[in-house]
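Have a look at the structure below, then the notes.
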Amino acid sequence: MLIAQGDARDSRLDRNLAFALAAVAGGLNAAAFHEVGFFSANMTGNVSALSSLLAMGQWRQGLGYLAIVLSFIIGSLVSTLAINSGLRRRIGTIYARVILIEAALLAALGLARMALDRSAGVPMLIVGLAFLMGQQNAIVTHISNARVRTTHVSGMATDIGIGLARMLDILRGKADPAEHGEIMTRLSLHTGTVLSFLLGGIAGVLAWRIVGDLCFVIAGLVLAAVAASSMQRAAQIILRNDPLD
């Protein structure tokens, strides 16, 4: 899932990556909102809240939302710098390595949250998760040539509407039927991603209600498993192409 890049990826790889990471992102976003009342990945809502607070002169409250947005951007920036550096050095597993770093940071965030006073740890949790969601979104955007998004669903929901409209045009004889396969492939990706985000959110809230902040550690372990699987797959490919004597 995290080795082939851009046009070298097929629809199956995109779906597997999107569904797995969207489920994790949905779980983190919903669990954090259920616990502290803030979204860590919904930058549209956070910017809207920021603008509303600034318009009402509530500058101090607005700083919290500004920190969330900036953290998301910085996470994307750091992730992209790491990926570009790895690609220049021809590290084939760079995407998996960056996901592994995200997993470690997420687990550390969960453990730190468990060790701190619950109210005092709210800013750290939301700002930290925003950084990690920005990091993850940059990874999947880069590796899929922007075909996949996993930390928010606005774009995917729009793409579903566009795909359905194109299918209706085909059914009415107003579009080329040869596009049917491509449209269905995209609809499958986008619909599955939204459903994965939804189901991940349900699982995230249920997990938080059962194990509390340990759910963030569990999510980190899931990401680590995804990264480790891709790194193992890459190692197997290298061994097949360059077997030892």
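Nothing here was measured: the structure is a model prediction, and the numbers come from that model.
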Compile the donor-acceptor pairs under 3.5 Å between side chains in residues 64-73 and protein atoms, sequence neighbours left out, one pair per line.
| residue | atom | partner | partner atom | Å |
| --- | --- | --- | --- | --- |
| S71 | OG | V127 | O | 2.7 |
| S71 | OG | F131 | N | 3.2 |

Task: 4.5 Å side-chain heavy-atom contact, L28 and L106 - done: yes

Task: Any donor-acceptor N/O pair, T185 side chain to G181 backbone, under 3.5 Å - done: yes

Task: Partner set under salt bridge (Lys or Arg N to Asp or Glu O under 4.0 Å) for R15, not counting sequence neighbours - done: none

Task: Interatomic spacing from CD1 in I170 to CE in M167 - rounded to 0.5 Å - done: 5.0 Å

TODO: Give a yes or no on whether R89 atom CZ has more than 12 heavy-atom contacts from other residues, nucleotides or ligands under 6.0 Å away.
DONE: no

Open item on the list: Once rounded to the nearest 0.5 Å, what's the spacing between atom CD1 of I99 and atom CE of M231?
Closed with: 12.0 Å

Task: Flag side-chain contact, heavy atom, 4.5 Å: R88 against N84 - done: yes

Open item on the list: Count I, L, V, M, F, W, Y as connected when their side-chain heavy atoms are under 4.5 Å apart, and connections chain through other members. Are I126 and F33 then in the same cluster?
Closed with: no

Open item on the list: Is there a side-chain contact between H190 and I162 in this structure, where contact means two heavy atoms from C-beta onward sitting under 4.5 Å apart?
Closed with: no

Open item on the list: For S79 versus I139, what's the shortest heavy-atom pair and its separation?
Closed with: OG-CG1, 3.2 Å

TODO: Answer yes if M156 and I202 sit in the same cluster of Ile, Leu, Val, Met, Phe, Trp and Tyr residues linked by side chain heavy atoms under 4.5 Å apart, and no otherwise.
DONE: no

Task: Main-chain N/O of A96 paired with T93 side-chain donor or acceptor, under 3.5 Å - done: no

Open item on the list: Could you measure the distance from the NE2 atom of H180 to the CD1 atom of I183? Nearest 0.5 Å is fine.
Closed with: 7.5 Å

Open item on the list: So V148 and T141, do their side chains get closer than 4.5 Å, heavy atoms only?
Closed with: no

Open item on the list: With a 4.5 Å cut-off on side-chain heavy atoms, are N137 and M133 touching?
Closed with: no

TODO: Kindly say whether L21 contributes a backbone atom to a donor-acceptor pair with the side chain of Q136 at under 3.5 angstrom?
DONE: yes

Open item on the list: Which Ile, Leu, Val, Met, Phe, Trp or Tyr residues join L111 in one cluster when any pair of side-chain heavy atoms under 4.5 Å counts as a link?
Closed with: M114, I210, V211, L214, V217, I218

- [ ] Could you tell me which residues satisfy ring-ring contact (aromatic ring centres under 6.0 Å, His included) with F19, sequence neighbours excluded, listed by chain and number?
- [x] none

Open item on the list: Grouping I, L, V, M, F, W and Y whenever their side-chain heavy atoms are under 4.5 Å apart, do I101 and V222 come out in a common cluster?
Closed with: yes

Task: Shortest non-hydrogen separation from A103 to A224 and the atoms involved - done: CB-N, 3.5 Å

TODO: Look up atom CG in D14 and atom CD1 in I143, then write down how far apart they are to the nearest 0.5 Å.
DONE: 8.5 Å

- [ ] Could you please spell out the steps behind the side chain to side chain contact (heavy atoms under 4.5 Å, CB included) verdict for L187 and L164?
- [x] CA-CA 8 Å; L187 272 175; L164 291 174; 4.2 Å; yes

- [ ] Kindly say whether L81 contributes a backbone atom to a donor-acceptor pair with the side chain of S85 at under 3.5 angstrom?
- [x] no

Task: hydrophobic_cluster_shared for L13 and V140, side chain cutoff 4.5 Å - done: no

Task: Exceeds 12 heavy-atom contacts within 6.0 angstrom, atom CZ of R186 - done: no

Open item on the list: Please check: side-chain N/O of T80 versus main-chain N/O of S76, any donor-acceptor pairing under 3.5 Å?
Closed with: yes

TODO: Under the ring-ring contact (aromatic ring centres under 6.0 Å, His included) rule, collect the residues that match up with H34, sequence neighbours excluded.
DONE: W208

Task: Min side-chain heavy-atom separation V98-Q135 under 4.5 Å - done: yes

Under 3.5 Å donor-acceptor pairs involving side-chain atoms of residues 38-54, not counting sequence neighbours:
| residue | atom | partner | partner atom | Å |
| --- | --- | --- | --- | --- |
| S40 | OG | N29 | OD1 | 3.1 |
| N42 | OD1 | T44 | N | 3.4 |
| N42 | OD1 | G45 | N | 3.1 |
| N46 | ND2 | F39 | O | 3.2 |
| N46 | ND2 | N42 | O | 3.1 |
| S48 | OG | T44 | O | 3.0 |
| S51 | OG | V47 | O | 3.4 |
| S51 | OG | S48 | O | 2.7 |

- [ ] To the nearest 0.5 angstrom, please state how far the CZ atom of R12 sits from the CG atom of L17.
- [x] 11.5 Å

TODO: Could you tell me the separation between the CG atom of L109 and the CG atom of L132, rounded to the nearest 0.5 Å?
DONE: 6.5 Å

TODO: Please report the shortest heavy-atom distance between A207 and C215, naming the atom on each side.
DONE: CB-CB, 3.9 Å

Open item on the list: Is there a continuous path of hydrophobic side-chain contacts, each under 4.5 Å between heavy atoms, that joins L221 to L129?
Closed with: no

